[in-house]
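First the structure, in the form of structure tokens, and then the observations on it.
Below, read A as the first sequence line, B as the second, and so on, with proteins coming before strands; counting in each chain starts at 1.
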Amino acid sequence: MARMTMIEAIRDAQDVAMSRDEKVVVFGQDVGYFGGVFRCTKGLQEKYGLQRCFDTPINESGIVGAAVGMGAYGLRPCVEIQFADYMYPAFDQIVSEAARLRHRSNKDFTAPLTIRMPTGGGIYGGQTHSQSPEALFAHVSGLKTMIPSNPYDAKGMLIAAIEDDDPVVFLEPKRLYNGPFDGYHEKAVTPWSKHELGEVPEGHYTVPVGKAAIRRPGEAVTILAYGTMVHVALAAAEETGIDAEVVDLRSIVPLDMETIEASVRKTGRCVVVHEATLTAGFGAELVALISQHCFWHLQAPPIRVTGYDTPYPHAHEWEYFPGPVRVGAALKTVMEAS
Amino acid sequence: MARMTMIEAIRDAQDVAMSRDEKVVVFGQDVGYFGGVFRCTKGLQEKYGLQRCFDTPINESGIVGAAVGMGAYGLRPCVEIQFADYMYPAFDQIVSEAARLRHRSNKDFTAPLTIRMPTGGGIYGGQTHSQSPEALFAHVSGLKTMIPSNPYDAKGMLIAAIEDDDPVVFLEPKRLYNGPFDGYHEKAVTPWSKHELGEVPEGHYTVPVGKAAIRRPGEAVTILAYGTMVHVALAAAEETGIDAEVVDLRSIVPLDMETIEASVRKTGRCVVVHEATLTAGFGAELVALISQHCFWHLQAPPIRVTGYDTPYPHAHEWEYFPGPVRVGAALKTVMEAS
Amino acid sequence: MATNRIFSLHVPEPECRPGDTPDFSKFEVPVAGEVVRPPVDVDAEDIHDHAYDIIRVLDDDGKAVGPWAEGLEDDEALKGLRDMMTVRSFDSRMLMAQRQGKTSFYMQALGEEAVSCAFQAALSPGDMNFPTYRQQGLLVTSGYPMLDMMNQIYSNSADPLHGRQLPIMYSSKEHGFFSISGNLGTQFIQAVGWAMASAINGDSKIAAGWIGDGATAESDFHSALVFASTFRAPCILNIVNNQWAISTFQGIARGRAATFASRGLGFGIPSLRVDGNDFYAVYAVAKWAAERAHLGHGATLIEHVTYRAGPHSTSDDPSGYRPKTEAADWPLGDPIARLKQHCIARGIWSEERHEQAQAEIDSEVIRTQKEAEKNGTLHDGPRASPRDMFEDVFKELPPHLKRQRQEAGI
Amino acid sequence: MATNRIFSLHVPEPECRPGDTPDFSKFEVPVAGEVVRPPVDVDAEDIHDHAYDIIRVLDDDGKAVGPWAEGLEDDEALKGLRDMMTVRSFDSRMLMAQRQGKTSFYMQALGEEAVSCAFQAALSPGDMNFPTYRQQGLLVTSGYPMLDMMNQIYSNSADPLHGRQLPIMYSSKEHGFFSISGNLGTQFIQAVGWAMASAINGDSKIAAGWIGDGATAESDFHSALVFASTFRAPCILNIVNNQWAISTFQGIARGRAATFASRGLGFGIPSLRVDGNDFYAVYAVAKWAAERAHLGHGATLIEHVTYRAGPHSTSDDPSGYRPKTEAADWPLGDPIARLKQHCIARGIWSEERHEQAQAEIDSEVIRTQKEAEKNGTLHDGPRASPRDMFEDVFKELPPHLKRQRQEAGI
Ligand SMILES: Cc1ncc(C[n+]2csc(CCOP(=O)(O)OP(=O)(O)O)c2C)c(N)n1
Ligand SMILES: Cc1ncc(C[n+]2csc(CCOP(=O)(O)OP(=O)(O)O)c2C)c(N)n1
Ligand SMILES: [Mg+2]
Ligand SMILES: [Mg+2]
């Protein structure tokens with residue numbers, strides 16, 4: 001066991017995967033010699049050589065398109081898109097190609113890719129370094145979409161993603177890279193080394209795909225969250241003193257409906273939290289699922305706390321960010337409703 | 001007044017817009033001399049010349065990117081993407097550029113574009129000529145997304161879209177081009193000339209943006225639908241004899257929540273129908289909104305009837321398509337629930 | 001708006017439209033045998049002119065002439081002829097089947113048969129094509145069963161793709177034929193990725209990308225050239241310039257450039273143009289490019305100059321945008337007629353044998369069609385179970401799809 | 001995996017990395033005055049070599065020589081010098097402000113000042129740039145108020161963009177400067193679209209697109225060239241080759257091609273390379289290209305060869321990927337030093353005047369900074385109201401945003 005930041009855990013996951021399977025290759029912009037702008041691939045080129053970890057031209061469609069071809073050949077590419085905000089040029093290759101290849105070729109060809117990308121806000125990155133596009137992936141059949149909330153999961157989930165035979169979009173909440181950010185930007189961030197989930201086993205292990213984790217058991221209300229919002233939710237529960245059950249979804253497709261249903265049936269109330277814009281965000285799917293499947297157990301309308309339907313701001317980041325105050329207010333509303 | 005197909009209505013809308021405002025230009029693949037693979041721009045090049053209606057290279061990003069530049073210059077481009085399934089290469093220009101330009105430049109520059117694209121299934125088009133990607137647009141702040149269900153609306157809405165100063169994605173249900181398809185593919189389609197909404201005024205008129213239309217008033221249950229599904233919903237209501245109120249949303253962003261809320265509060269029950277895949281589809285947003293805002297009025301869990309979370313099939317199109325039988329079953333379920 | 005027009009938009013137009021008389025007088029018909037055959041390790045700029053000239057081997061008398069005229073054995077020439085005849089016969093039967101409502105859609109390769117048949121003949125087992133929808137010749141030449149092609153077209157119970165794909169969107173890993181995508185251009189960079197993987201893996205297999213003249217405008221054409229150039233991927237990048245992209249003439253995609261092949265030079269990729277209706281020339285150029293790749297010199301770009309003699313697809317009617325006789329006037333002739341003439345000139349073929357072969361092929365196609373129809377057609381007879389819709393979306397059926405399948409009651 | 005390696009992947013690497021001694025001996029320093037100045041209606045292929053050579057006007061003694069040495073008047077040269085000095089002084093203050101926590105982010109143009117300052121000097125009022133984040137010189141040269149730039153950088157109450165955009169993502173229609181996007185490449189095709197609109201409208205205005213060496217790999221580079229070529233759009237397409245794309249050397253984007261400029265030839269677009277650190281040369285080439293566009297000959301592609309002397313941004317530390325002294329060894333020198341030398345050689349400038357100008361500029365920058373800070377900085381003082389977040393998403397606030405704003409309580 002070692003204490004690691006999320007960056008180190010992500011790097012370690014790739015290291016483990018590359019050392020166990022020489023079909024695993026890693027590439028993307030600045031990931032080679034330099035080890036990535038967030039340093040998530042540091043040292044991999046030195047260790048595995050230029051053939052297995054290299055810089056690419058700045059062309060996201062090319063990165064994913066080449067990875068699809070490599071996957072069809074039999075390799076297992078793990079590629080980095082420098083920011084999730086820059087995945088759009090690759091969207092066609094992700095949606096029309098990677099996601100459909102197995103089905104359309106009757107598994108003659110498959111696309112066992114992992115597409116890593118830093119996601120989310122909280123770093124004063126403005127509208128092009130802060131987006132959370134997970135709902136766009138969730139709507140596409142054939143893709144798995146994962147979002148870890150801590151180093152332990154990040155490593156275990158990323159190894160699982162790389163070993164998965166389906167294409168996986170792996171969204172890394174960049175605000176969590178160095179510590180469990182709870183939304184209080186004025187406070188110094190606690191480093192992962194002081195957090196139990198910063199404790200990361202050496203070598204190989206996986207976190208099962210599609211299994212949520214209950215980060216805080218509770219009886220009064222269920223909070224569904226993933227990524228950075230898990231820590232915000234925990235802070236809101238703490239502050240309001242409301243006995244919320246905080247469910248960390250970890251993967252949104254496939255989704256752990258069993259855990260979600262059990263929790264919401266128990267509590268009868270639900271708050272859904274994400275950073276992405278509200279309309280047609282993944283929170284809508286969660287509320288819709290709960291409304292369909294837990295309708296008779298619901299004691300109050302489910303509430304979404306999300307980014308607003310505007311471009312991600314620069315100066316007004318903290319008014320936009322769904323922090324513990326907004327989540328706390330929603331908890332109170334949902335508890336008071338009757 | 002003239003009886004028109006939806007194709008003729010769309011063509012006429014562009015004609016009217018071009019004749020009234022020489023800043024309106026029309027371009028896309030095959031739209032010039034040939035008049036478009038669905039003939040929606042037929043005769044416009046002949047009438048307005050090569051400078052205002054022309055063929056482009058096959059590059060969707062180029063089409064929308066050039067349109068963004070033209071919009072910034074002061075023109076009002078109305079471009080065609082040959083099938084909605086082929087919009088993905090343009091997604092970056094739509095999301096990162098057209099949708100954000102006004103906001104990010106503090107209205108120094110704007111993108112008054114209309115991006116037309118045939119959408120939806122029902123023509124044995126397989127996975128790349130049948131998709132319904134409206135939810136992907138709805139999630140993006142700064143875009144308006146419209147889907148007409150008949151020639152009258154198609155013309156009035158398209159003129160409104162072209163005249164709108166914001167970027168509009170205009171999805172044309174291709175299965176409705178020639179008649180109000182209700183999901184019974186074995187039956188010959190009734191032509192628009194036999195339908196009152198095939199009655200299209202000459203010259204200029206607009207259908208207001210963001211206003212739904214009630215196609216069938218009813219007391220028992222609300223069906224929220226758009227595009228082809230409006231006609232499927234009407235057929236299902238007819239067949240089941242359930243007194244459903246059929247709301248044709250027409251525009252999903254902005255959304256006419258007033259009409260939706262009034263209807264659902266009245267009926268207390270709701271079925272949402274769309275062709276797009278279920279997970280994170282726009283139906284999720286509708287159910288989420290209803291669950292949040294009409295919670296205390298709901299007498300049964302809202303139900304979604306949608307495409308399945310698979311690529312759009314070829315041979316199994318009619319098993320996949322959410323036809324009147326599936327919608328009818330949902331109506332019964334939602335009526336029986338208590 | 002400005003009243004004194006200063007600038008105006010240049011919109012290229014074809015020489016002639018319906019009603020006009022086709023005029024190919026500006027098209028310089030290449031003289032067979034004139035273009036030099038450079039060493040395979042040549043640098044792109046050293047064969048700059050190859051991106052503008054057209055390599056042609058078969059002359060007007062059907063003789064194979066010049067430096068590219070070598071390597072095609074007698075049996076290979078005859079097989080090529082047979083393959084092309086098979087493609088054409090197959091196309092015409094399937095077109096008819098579509099008209100009869102037995103399937104939803106069809107696309108012919110009429111007039112372009114040499115491009116894919118000759119190219120495939122130059123590949124080795126294990127090499128991988130990333131084709132477009134107009135390269136059925138690759139499958140026929142590689143010996144993929146015609147029956148499977150028809151089963152796919154009919155979306156029937158024996159369809160290898162279980163009715164999931166539009167007709168003609170074949171896939172066969174075994175036959176080196178990557179799953180066809182409906183989205184133009186995407187496969188060009190995938191071919192480069194596959195070739196990069198072969199290189200990473202220390203393999204000896206090469207990839208071939210395919211794209212139409214119109215689709216060169218797509219962004220993934222650029223992605224492919226960038227990656228192929230940077231990583232010296234062992235691949236061949238084929239542009240099939242058949243003059244038309246649905247209703248749009250090639251000048252819209254080509255713009256001011258003299259040729260599509262010249263696009264490769266700015267990437268340092270040797271780029272050649274070949275007479276796509278000359279089976280021999282396509283074969284020779286493909287062999288050259290394959291050897292180049294095998295020797296570690298990286299990618300080659302080939303522009304195959306040909307003509308789409310049929311409609312774009314069964315959804316298209318070209319009489320709306322080009323003169324009906326344009327195909328007949330195409331100055332590079334018909335690929336089957338030209339190879340037939342060559343085989344006769346070579347003394348290994350005759351009119352009689354040709355007629356006989358034609359009859360054999362036609363009856364084999366018809367026989368196979370009958371067999372295929374026993375497995376069903378789109379609207380009649382057996383087909384894959386609708387349950388199958390839910391399979392292979394993922395390797396394992398996830399809970400939400402299990403639930404949806406249950407709800408579907410299938 | 002294969003054991004006998006046959007193919008292997010070629011991954012280009014720079015000549016030197018941290019710890020190595022920079023070695024530009026392979027870089028052929030162009031001789032000033034040697035490249036011919038063709039007529040503006042020239043065809044692309046007729047100036048093929050211009051895509052490989054480097055146009056240079058200022059020689060080692062600061063003399064302007066050769067066919068491109070004309071048109072830059074005394075006052076223009078002095079204004080250019082002043083503009084470049086202003087950009088550098090501004091950059092160094094804003095860099096410091098970022099380090100002091102007054103804003104979140106900054107990007108310098110250190111070493112590349114000539115490219116945008118000289119280019120802008122060659123444009124006419126009404127022309128429109130579609131810049132990247134490293135063309136602040138365009139704004140300075142066009143007379144955009146430095147105060148507004150600073151207000152934007154500070155996201156303060158006077159920020160013309162209301163705190164919505166990352167620092168340096170300026171926008172000014174009035175000054176012919178299109179809103180900067182964080183997404184690389186998108187603006188290149190937009191520039192072509194703007195130019196097409198100018199042509200459609202019968203206007204006389206031209207557009208200029210900007211892209212970095214690294215970003216030429218993006219797909220919209222291709223879209224831009226395709227559309228510019230086909231529609232002969234009146235525009236100038238600028239590639240700023242500053243040798244690096246964050247940590248990635250230009251060889252990764254360029255691949256096997258000798259130059260970036262050569263990419264234009266395959267589109268029939270005249271393509272030239274220019275010494276980007278030679279103010280005079282950039283000015284002359286830009287004037288030539290602008291004249292070309294004005295006379296209806298369409299697009300020109302210009303590769304500006306320069307060097308990014310600073311870090312990519314304040315988030316970057318180049319010592320991790322390139323030798324610290326590489327910038328100093330860059331063989332094309334420093335643009336300010338070179339134009340200064342020229343002005344002195346020309347007899348219109350002196351060391352003393354230079355020093356004095358430097359002092360004036362520095363104090364003007366500091367004075368402006370103080371003024372800007374009165375309007376607030378990112379974390380201190382006044383700024384736009386958070387209500388403003390909801391404005392201008394659409395022309396009119398739609399009901400759902402109204403509701404969200406209410407819920408936000410702002
Ligand atoms: C991304 C995308 N855009 C548009 C289309 C629609 N489309 C199908 S084929 C075609 C023309 C292609 O022409 P070309 O590349 O020359 O190939 P050809 O059909 O001539 O073989 C078009 C526009 C598509 N399939 N994919
Ligand atoms: C679509 C997209 N992909 C990636 C990035 C991240 N990124 C920002 S700048 C940059 C390097 C660009 O290099 P170059 O084009 O050479 O311009 P320079 O910074 O040298 O001026 C990268 C990769 C981005 N902004 N947009
Ligand atoms: Mg073609
Ligand atoms: Mg650069």
Side-chain angles (χ1 to χ4, degrees), chain C residues 1-12 43-45 48 51 195-196 198-206 216-223 225-234 251-269 271 293-294 296 298, chain D residues 1-12 43-45 48 51 195-196 198-206 216-223 225-234 251-269 271 293-294 296 298:
Chain C
M1 308 280 278
T3 43
N4 279 350
R5 290 196 70 84
I6 303 184
F7 291 154
S8 77
L9 192 71
H10 173 81
V11 181
D43 277 345
E45 273 299 321
H48 178 271
M196 288 171 67
S198 177
I200 289 169
N201 197 31
D203 201 345
S204 63
K205 305 290 180 290
I206 67 173
T216 60
E218 284 289 9
S219 296
D220 277 339
F221 176 77
H222 182 66
S223 314
L225 292 185
V226 171
F227 277 66
S229 173
T230 297
F231 300 111
R232 306 199 181 170
I252 291 286
R254 183 178 40 77
R256 291 192 100 149
T259 71
F260 288 99
S262 68
R263 299 249 152 112
L265 297 176
F267 297 86
I269 295 176
S271 304
H294 279 129
Chain D
M1 307 280 276
T3 43
N4 279 351
R5 291 196 69 81
I6 303 187
F7 291 152
S8 76
L9 191 72
H10 174 79
V11 181
D43 276 346
E45 273 300 321
H48 178 272
M196 287 171 68
S198 176
I200 290 169
N201 198 31
D203 200 345
S204 62
K205 304 290 180 289
I206 68 173
T216 60
E218 285 287 8
S219 296
D220 277 338
F221 176 77
H222 181 67
S223 315
L225 292 187
V226 170
F227 277 66
S229 173
T230 298
F231 300 110
R232 306 202 180 167
I252 291 285
R254 182 177 41 75
R256 289 191 102 148
T259 71
F260 288 98
S262 68
R263 300 251 151 111
L265 297 177
F267 296 86
I269 296 176
S271 303
H294 279 129

Heavy atoms only, distances under 4.5 angstrom: which of [options] has the most pairs with chain C? Name it, please.
| options | answer |
| --- | --- |
| D:Gly266, D:Ser223, D:Ala51, D:Ala44 | D:Gly266 |
| D:Leu225, D:Ile252, D:Asp220 | D:Ile252 |
| D:Gly255, D:Ala258, D:Ser271 | D:Gly255 |

Atom [atom1] of [X] and atom [atom2] of [Y]: how far apart are they, to the nearest 0.5 Å?
| X | Y | atom1 | atom2 | value |
| --- | --- | --- | --- | --- |
| C:Leu265 | D:Leu265 | CG | CG | 8.5 Å |
| C:Lys205 | D:Ile6 | NZ | CD1 | 7.0 Å |
| C:Ser262 | D:Glu45 | OG | CD | 7.0 Å |
| D:Arg263 | C:Phe267 | CZ | CZ | 4.0 Å |
| D:Ser219 | C:Glu218 | OG | CD | 9.5 Å |
| D:Leu9 | C:Thr230 | CG | OG1 | 10.0 Å |

What part of [X] is in contact with chain C, defined as an atom under 4.5 angstrom from a non-hydrogen atom: side chain, backbone, both or neither?
| X | answer |
| --- | --- |
| D:Ala217 | both |
| D:His294 | both |
| D:Ala253 | backbone |
| D:Thr216 | backbone |
| D:Ala293 | backbone |

Exercise. Please check if the side chain of C:Arg5 supplies one atom and the backbone of D:Ile200 the other of a donor-acceptor pair under 3.5 Å.
Key: yes
Quiz item: Taking it one step at a time, do C:Ile206 and D:Phe7 satisfy side chain to side chain contact (heavy atoms under 4.5 Å, CB included)?
Solution: CA-CA 10 Å; C:Ile206 67 173; D:Phe7 291 152; 3.8 Å; yes
Practice problem: Indicate the ring-plane relationship of C:Phe221 and D:His222, choosing parallel, tilted or perpendicular according to the 30° and 60° boundaries. | Solution: tilted
Practice problem: For each of C:Gly296, C:Pro234, C:Gly264, tally heavy-atom pairs with chain D at distances under 4.5 Å, and name the one with the top tally. | Solution: C:Pro234
Quiz prompt | C:Arg256 to D:Ser229 - nearest heavy-atom pair and separation | solution = N-OG, 2.7 Å
